Amino acid sequence: MITTTQNKQIKQIIKLKKSARERRKQELFLVEGIRMFTEIPEEYLYKVYASEDFYNEHRVIFEHMDVELVSPQVMKEISDTMTPQGVLALVKMMKYSLEDLLEQEKPLFLVLENLQDPGNLGTILRTGEGAGINGVIMSHDTVDIYNPKVTRSTMGSIFRVPFVYVDDLLEVAETMKQKNIITYAAHLKGKNSYEQENYCGGTAFFIGNEGNGLTDKLTDKVQKKIKIPMCGKVESLNAAMASGLLVYEARRQRQGVD
C-alpha cells in the first residue's frame, strides 16, 4: 500500500491532475469515482488506484485488474473532489481525426470556439451524446477536455463522443461547406428562429466563448445565422443550454427521416 505523497507514482498523478501540458506529454488523464470508473473502455485503462476500504467493498468491479492500494490521505491528495469515493484510474487518451469525422454521412456536429468553463464543456458532450451528435470540434484555446472537472461533467460521454482540437476553425468551416455540411451560428442578427431551419442534412452548430460569443471572423464565415427567441431582458443563453436546444431540435427533425 502507498502511504506517502512522496511516492513517484503519486507525484505523477498529482502532476496529471494539475497540468494539461503534463497530460498531453504522457497521453494520460485521470478518471475517478465508481460510476466513471465502470464506464472506462478496457483498452484505454492504464492503471488503477483504490483505497483499501473501497477495494474490499467493491472487489467484483476489480476482477482481473492489477490494483494499487493507497491510504485514505493519499487518495484525498490525488483526487480532484472534496470527498473521494475511493477509486481513481489513469486512462489513455482517445485519438480521433478531423478527416474521419468529416467523412461521415449527414453528420451532426458541435463546433466550439474558445469555451473556457469545464462544466460547460462536459455538459455539452453529455447533452450531445443524448442528442446523437457525431462529434465535437474545438478550437485549440478551448478548455482541456481531459481536465478532471470536464471529464466528471461528461458522466462517461467522453468515452463515446468523438472529439478533436483544431488550429483553425475558419478552415474547418470552409471544408464543411465543400462537404455539404451546413454551418450555423446562434446570433442576435439571425434571420430565422432556430426551429425554422432544416437540420436533416449535414449540420454543424458553432458555439462561441461564454462571455464574448463567436468571433466576428468566424461568424462571417458560417453559412447561416439563426436566433434563439427569448423573453424578458435576457440577451443570450449559457453555451451548454444553447447547444442543447440546437442539437435536440436537430434530433427531433431527424427522427423518422432516412
Side-chain angles (χ1 to χ4, degrees), residues 12-41 44 46 49 75-85 87-96 101 109-131 133 135-167 169 172 186 205-215 218 236-248:
Q12 176 198 23
I13 294 172
I14 292 171
K15 283 183 180 179
L16 289 170
K17 179 176 75 169
K18 294 179 177 179
S19 170
R21 178 180 295 178
E22 192 69 24
R23 291 191 288 269
R24 288 191 296 269
K25 177 182 174 182
Q26 298 192 34
E27 297 189 346
L28 294 171
F29 67 104
L30 307 184
V31 166
E32 63 177 295
I34 187 168
R35 178 168 178 177
M36 280 288 289
F37 177 73
T38 56
E39 297 268 7
I40 302 169
Y44 291 115
Y46 181 76
Y49 298 84
M75 179 58 71
K76 188 172 183 179
E77 287 296 322
I78 61 178
S79 172
D80 192 58
T81 58
M82 292 293 291
T83 54
Q85 292 183 28
V87 60
L88 180 145
L90 299 186
V91 184
K92 300 172 189 174
M93 290 184 172
M94 288 72 75
K95 296 186 185 299
Y96 306 100
L101 289 184
F109 295 124
L110 282 166
V111 184
L112 312 178
E113 183 186 35
N114 192 29
L115 256 68
Q116 295 302 303
D117 185 86
N120 269 344
L121 180 54
T123 300
I124 284 170
L125 236 73
R126 185 182 178 190
T127 306
E129 182 185 10
I133 67 172
V136 176
I137 300 166
M138 298 169 281
S139 62
H140 64 87
D141 52 1
T142 291
V143 61
D144 179 23
I145 200 166
Y146 295 112
N147 178 311
K149 292 179 175 60
V150 178
T151 58
R152 281 201 306 279
S153 298
T154 71
M155 299 295 283
S157 294
I158 190 170
F159 300 123
R160 298 180 291 270
V161 177
F163 55 86
V164 294
Y165 283 88
V166 299
D167 291 327
L169 286 181
V172 170
F205 295 115
F206 282 62
I207 305 294
N209 172 272
E210 292 89 350
N212 302 314
L214 283 178
T215 57
L218 192 52
S236 62
L237 293 180
N238 168 279
M241 179 63 73
S243 300
L245 284 174
L246 297 174
V247 293
Y248 267 93

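If you're wondering where the values come from, they're calculated on a predicted model, not measured in any experiment.
S153 contributes no side-chain N or O that, together with a main-chain N or O of T123, makes up a donor-acceptor pair within less than 3.5 Å. When atom types are taken as modelled, the side chain of N114 and the backbone of N209 share no donor-acceptor pair closer than 3.5 angstrom. Side chain of T38 to backbone of R35: a donor-acceptor contact under 3.5 angstrom is found. E32 places a side-chain N or O within 3.5 Å of a backbone atom of D80 that can act as its donor or acceptor partner.
Separation of atoms CD (Q12) and CG (L28) is listed at 6.5 Å; rounding is to 0.5 Å. For the atom pair NZ of K17 and CD1 of I78, the computed distance is 8.5 Å after rounding to the nearest 0.5 Å. To the nearest 0.5 Å, the span separating CZ on F206 from CG on L112 amounts to 10.0 Å. Atom CD1 of I124 is separated from atom CD1 of I133 by 9.0 Å, given to the nearest 0.5 angstrom. Atom CE in M82 sits 7.0 Å away from atom NZ in K76 (nearest 0.5 Å). Here OH of Y49 is found 4.0 Å from CD1 of I13. Values are rounded to the nearest 0.5 Å.
Relative ring orientation between F163 and Y146 is described as perpendicular, the plane-to-plane angle rising above 60° on a 0-90° scale split at 30° and 60°.
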>> Set out, in order, the CA-CA distance, both residues' side-chain angles and the distance that settles side-chain contact (heavy atoms from CB on, under 4.5 Å) for T151 and L30, then state yes or no.
In response: CA-CA 8 Å; T151 58; L30 307 184; over 6 Å; no
> Step by step, would you call V31 with E39 a side-chain contact (heavy atoms from CB on, under 4.5 Å)?
Replying inline: CA-CA 10 Å; V31 166; E39 297 268 7; over 6 Å; no
>> Under the criterion side-chain contact (heavy atoms from CB on, under 4.5 Å), I'd like the reasoning laid out for V111 against I207: C-alpha separation, chi angles, the key distance, then a yes or no.
In response: CA-CA 6 Å; V111 184; I207 305 294; over 6 Å; no
>> What verdict does the side-chain contact (heavy atoms from CB on, under 4.5 Å) test give for T154 and F159, after you've listed the backbone C-alpha separation in whole Å, the side-chain angles of each residue and the deciding distance to 0.1 Å?
In response: CA-CA 9 Å; T154 71; F159 300 123; over 6 Å; no
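Nearest heavy atom pair, residue L101 against residue F109, reads O-CZ, 3.2 Å. Scanning both residues, P118 and Q116, for their nearest heavy atoms gives CD-O, 3.3 Å. Annotation for S157 and L125: closest pair CB-O, 3.8 Å, computed over non-hydrogen atoms.
Qualifying ring-ring contact (aromatic ring centres under 6.0 Å, His included) partners for Y44, counting only residues two or more places apart in sequence or in other chains: none. Here Q85 pairs with nothing under the side-chain hydrogen bond (donor to acceptor under 3.5 Å, both in side chains) rule; sequence neighbours left out. The ring-ring contact (aromatic ring centres under 6.0 Å, His included) test applied to F205 returns Y184, Y199, not counting sequence neighbours. F37 is linked by a ring-ring contact (aromatic ring centres under 6.0 Å, His included) to F62, counting only residues two or more places apart in sequence or in another chain. Remark: R24 engages no residue in a side-chain hydrogen bond (donor to acceptor under 3.5 Å, both in side chains) (not counting sequence neighbours).
Within the structure, salt bridge (charged side-chain N to carboxylate O under 4.0 Å, His left out) contacts touching residues 136-147 (residues at least two apart or in different chains) are R23-D144.
Between V136 and the choices I158, V161, I145, V164, the side-chain contact (heavy atoms from CB on, under 4.5 Å) rule is met once, by V161. Test K95, R21, K92 against E27 for salt bridge (charged side-chain N to carboxylate O under 4.0 Å, His left out) and you get one pass: K95.
L115 places a side-chain heavy atom less than 4.5 Å from the side chain of E210.
A salt bridge is defined here as a Lys NZ or Arg NE, NH1 or NH2 lying under 4.0 Å from an Asp or Glu carboxylate O, and K15 with E22 fails to meet this definition.
Heavy-atom neighbours of M241 CE from other residues, nucleotides or ligands within 6.0 Å: at or below the threshold of 12.
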